[in-house]
Protein chains: 2
Amino acid sequence: MTQMIDDTGARSPGRPRNFDMAEAVDRAVLVFRERGYQSASIDIISRGTGLTAGSLYKAFKDKKAIFAAAFARYQAQRLAAIAERLADAESGRARIAALLDLYLDAASGAEGERGCLVVASLAEASGLDADQRAALAAAIGANEARLRDLLRQGQADGSVRADLDVAAAADVLLALLQGIRLLGKLRPPRNRAGFIAAALKILD
Amino acid sequence: MTQMIDDTGARSPGRPRNFDMAEAVDRAVLVFRERGYQSASIDIISRGTGLTAGSLYKAFKDKKAIFAAAFARYQAQRLAAIAERLADAESGRARIAALLDLYLDAASGAEGERGCLVVASLAEASGLDADQRAALAAAIGANEARLRDLLRQGQADGSVRADLDVAAAADVLLALLQGIRLLGKLRPPRNRAGFIAAALKILD
DNA sequence: GATATTAAGAAACGATCATTTCCTAATCAA
DNA sequence: TTGATTAGGAAATGATCGTTTCTTAATATC
């Protein structure tokens, strides 16, 4: 992006950017995770990304566009982290345990205090516009669909009770995962192993 | 409060208030629940309470004082609602089921969209000052202590597994309850009965 | 009545909000 | 080298932020 090279290797006309767009979005993610959309002022985003307000408005249409880019980027990061963490798990139950472990990890320490962008967006949902709410609903829907999928995998491999109400269990797990991240903004989770063991009873 | 009558029945000197303080705080609670602390401007609080900014600053030191009063009021309201809802339940398990039902109720419809003040505060915890965070931590701590108490009651009456890890189960339930309210800002919970049944497996 | 005290409410305060404007700098094609 | 085009960045814009000030109104005591 720095040199604005397109598919053919030709440069765009005009002065090239001297910052990396992807890097700027990554830094904007950190700002929005900590403060949410409404409380993240352009000035704070400017300091967080290292770009002046003018440069931000050259690169993005407006504050909503910065947020939309950050939201999409955050989702991609989470998806990758989840895929990596679940890769080694060999049953549906083990994958759900790994997912719980990942969320407890993310809710701990500095990462926990920084918070989850989805959680921040949910909390200020009434202050978001239709597009932002739609993106949020899509993220939540995907999360729930994944939980249902993992539960069905567990039923198929015998690690989850066969007559489990999958939709209901997925709803509970979804609320639990979001609650973990929400509480992590105030304090880290304690007794991770015990927590996971208690939560996995939902699968029995 | 309207007539500023003190313990002896004598009035305070000066012009009396022509609004009810408790009522004003009740209305401020609604504003903060919907928008959180930082996004609730004095102008919005003014419209929400029906008081001018000047009157608000006569009655409260500053915006933080309005929030502190609203937070305390909200906790009292919740405590009363919980006490009422649990009164008829005859076992620890039934009380936890009733608590889940209460939260699912509160997460539904207009009440759900309006949101929970504790959840809103958790989400913007990094933007709150030490006093506000302390009040928040106290609220969460009380919530967790109540869950542990209910679990122990269940163990005593046989409705909760005797060798349950009470602390861990309470942590899971706490995260679950907050997650329910958080998700309620975007969409109401579905299949309440199934949800409660799935969640109660934590007690087994 | 007169005086003291407090509330109500409009207006003003400086700070910060998101956004735009404007000028300079750096690259392209010619 | 010359224009066209875009980025960088400081400064200005009007709106809104939390808070204060000021004038007027309503109550107390004397």
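Note that the structure is a prediction, hence the values are computed from the model and not measured. To find a chain, count down the sequence lines: A is the first, B the second, and so on, and within it residues start at 1.
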Inset, instruction - Show the numbers, then the answer: is there a salt bridge (Lys or Arg N to Asp or Glu O under 4.0 Å) between R93(B) and D204(B)? - result: CA-CA 10 Å; R93(B) 172 180 288 261; D204(B) 296 330; 2.4 Å; yes
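Spacing between atom CG of L56(A) and atom P of dT20(C) amounts to 13 Å, rounded to whole angstrom units. Rounded to whole angstrom, the span from the CZ atom of F32(B) across to the P atom of dG18(D) amounts to 9 Å. At whole-Å resolution of the value, CG in L51(A) and P in dA10(D) are 12 Å apart. What separates CD1 of I44(B) from C1' of dG18(D) is a distance of 13 Å, to the nearest Å. For the pair I42(A) CD1 and dA10(D) C1', the computed distance is 16 Å after rounding to whole Å. As a whole-Å value, the separation of F60(A) CZ from dG8(D) C1' is 15 Å. When the P atom of dA7(D) is taken as reference, atom OH of Y57(A) falls 16 Å away, rounded to whole Å.
Of the residues in residues 62-74 of chain B, those lying under 4.0 Å from DNA chain D by heavy-atom distance are D62(B), K63(B).
Electrostatic pairing of E124(A) and R35(A) does not count as a salt bridge here, judged by no charged N lying under 4.0 Å from a carboxylate O. A salt bridge links R192(B) with D105(B): the closest approach of a Lys/Arg side-chain nitrogen to an acidic carboxylate oxygen falls below 4.0 angstrom.
When the nucleotides dT27(D), dT5(C), dA25(C) are ranked by their closest atom to the side chain of R15(A), dA25(C) comes out on top.
For S55(A) and dG8(D), the shortest distance from a side-chain N or O to OP1 or OP2 is below 4.0 Å. The phosphate of dA8(C) (OP1 or OP2) has a side-chain N or O of N18(B) nearer than 4.0 angstrom.
A distance of 12.5 Å separates CG in L177(B) from CG in L182(B), rounded to the nearest 0.5 Å. A distance of 9.0 Å separates OG of S121(B) from CD1 of I140(B), quoted to the nearest 0.5 Å. Of the inter-residue distances, the one linking I96(A) atom CD1 with L200(A) atom CG reads 7.5 Å to the nearest 0.5 angstrom. A distance of 13.0 Å separates CZ in R27(A) from CZ in R73(A), rounded to the nearest 0.5 Å. Residue R146(A) holds its CZ atom at 8.0 Å from CG of L86(A), rounded to the nearest 0.5 Å.
Checked by atom type, the side-chain pair S41(A)/D43(A) shows no donor-acceptor distance below 3.5 Å.
Interface remark: the R17(B) side chain does not form any donor-acceptor pair with the dA7(C) base, using a distance-only criterion of under 3.5 Å.
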Listing time: all N or O pairs from protein to nucleotides 11-16 of chain C that are below 3.5 Å?
none

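For Q38(A) and K58(A), each mapped to the nucleotide of DNA chain C holding its nearest heavy atom, the one lying further toward the 5' end belongs to Q38(A). With DNA chain D read from its 5' end, the first of the two nearest nucleotides for G14(B) and S39(B) is the one closest to S39(B).
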